[in-house]
Amino acid sequence: MTDRLPETVPEPTRPPTPPTPHRPAPRTRARRWSRRTLLVLVVLWGLVTAASMVVVRTTQERAAVPAGLSYVQAGDVRTRYREWGSGGSPVVLVHGAFESADAWTPTAEVLGRTRHVYALDLTGNGYSQRKSPYDARHMAEQVNAFIAAMRLVKPVIVGHSSGAAVVAEAALRRPDAIGGLMLLDGDALLTGAGEKSPLPYLIIDPYRTAVLRLAIRSDWLVRTAYARACGPRCPRLDARGVDQWRRPFMVPGAEKAVWEMFRNGVVGIPTARLEQVRALSMPKSVVFGADDFVFSRSTPAETAARIGAPPPTLIPRAQHMVFVSDPGPVAAAIDALARR
């Protein structure tokens with residue numbers, strides 16, 4: 001019997017291992033994403049720039065100043081003003097930032113029943129001549145020049161919001177010409193809302209002009225800003241009301257003034273300067289909406305103590321534009337100050 005070697009069983013064949021895909025190094029992937037991000041940003045910048053230029057080109061038409069307005073030369077500013085009533089001692093109403101004499105209408109109509117009431121447009125606002133600098137000193141000089149030009153004898157002057165700084169500075173400059181001083185919803189200080197805004201330095205043309213024009217032309221935005229400042233008790237703006245607040249920003253020269261005022265920050269005066277009001281012998285008053293969100297709860301009492309006024313008058317449930325939401329109580333407070 002012949003010995004036979006066992007047959008060799010061939011090993012099963014295995015499929016070849018696929019090659020490992022090449023993965024780019026992390027640094028290469030970062031460069032690739034950086035290039036893509038940069039490309040997206042460049043495209044977006046181009047689209048935004050093109051859109052801004054279209055907005056600027058299609059909104060070049062300026063609004064006309066309303067006919068029949070009253071003006072007087074007050075110092076170096078041709079000043080627009082309004083007038084109510086004819087009897088009693090005079091009262092001069094000074095608006096706050098980005099307001100106008102028209103904003104005083106609800107209170108002025110009530111106060112005009114017993115007083116001769118005036119409201120003026122500060123330079124840079126409303127329909128007065130726009131002439132920088134837009135600071136407390138220049139605006140106070142305008143107020144005092146207005147009092148002299150209108151030949152008013154010892155008027156009570158009332159300043160709302162940033163207008164509080166203007167009337168305080170006006171009283172310090174001409175205490176002999178002022179019969180009384182009221183700070184309404186304003187602490188008159190440079191701090192807080194008075195800090196300079198970086199916005200004009202961060203947004204350049206054509207973007208800032210496009211943003212401003214779009215904002216001004218938005219009925220919804222005008223109504224929202226008004227409702228936010230005024231509160232739920234203020235009447236809703238109709239088309240005429242929207243135009244009253246919007247038109248001053250659309251007249252020739254308004255845009256340049258708006259951006260300069262943004263650069264300067266909200267008008268105010270230093271604390272040490274405001275405390276000098278305490279030494280003035282004239283009657284003084286501080287009135288705030290009890291729910292004014294612009295300032296802290298302690299601001300009214302602190303402001304009254306700072307200028308040497310009696311404890312402040314707080315109007316219940318009123319916010320920052322108390323002269324619109326509660327014209328009766330504000331007029332009564334002004335009338336009481338005038339009687340003092």
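All values below were derived from every heavy atom in this structure, side-chain atoms included, with hydrogens, water molecules and symmetry-related copies excluded. Just so you know, these numbers come straight off a predicted model, no measurement behind them.
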**Message:** Check the orientation of Tyr118 and Tyr81. Use parallel for under 30°, tilted for 30 to 60°, and perpendicular for over 60°.
**Reply:**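 Answer is tilted, since the angle falls between 30° and 60°.
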Group every Ile, Leu, Val, Met, Phe, Trp and Tyr by side-chain heavy-atom contacts under 4.5 Å, then state whether [X] and [Y] land in the same group.
| X | Y | result |
| --- | --- | --- |
| Val158 | Leu122 | no |
| Leu120 | Val77 | no |
| Val156 | Leu181 | no |
| Phe146 | Val166 | yes |
| Met139 | Phe98 | yes |

**Asked** Looking at Tyr127, does the NZ or CZ of Arg247 lie under 6.0 angstrom from its six-membered ring centre and within 45 degrees of the ring axis?
**Response**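 Geometry flag: not set, cation outside 6.0 Å or 45°.
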Measure across [X] and [Y] and return the closest heavy-atom pair with its distance rounded to 0.1 Å.
| X | Y | value |
| --- | --- | --- |
| Ile216 | Arg246 | O-CD, 2.6 Å |
| Thr107 | Pro327 | OG1-CA, 3.4 Å |
| Ala304 | Pro312 | CB-CD, 4.0 Å |
| Thr79 | Asp121 | CG2-O, 3.9 Å |
| Ala188 | Leu274 | CB-CD1, 3.9 Å |
| Thr123 | Gln142 | N-OE1, 3.0 Å |

Side-chain heavy atoms of [X] within contact of [Y], under 4.5 Å:
| X | Y | result |
| --- | --- | --- |
| His116 | Val92 | no |
| Val286 | Ile307 | yes |
| His320 | Phe295 | yes |

**Thr105 versus Arg82, side-chain donor and acceptor atoms under 3.5 Å** =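 Yes, side-chain donor-acceptor contact under 3.5 Å.
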Salt-bridge present ([X], [Y]; N to O < 4.0 Å):
| X | Y | result |
| --- | --- | --- |
| Arg340 | Asp335 | no |
| Arg174 | Asp176 | yes |
| Arg173 | Glu169 | yes |

**Item:** Sequence-distant partners of Glu302, side chain to side chain donor-acceptor pair (under 3.5 Å), two or more places apart
**Value:**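 Result, side chain to side chain donor-acceptor pair (under 3.5 Å) vs Glu302: Ser298.
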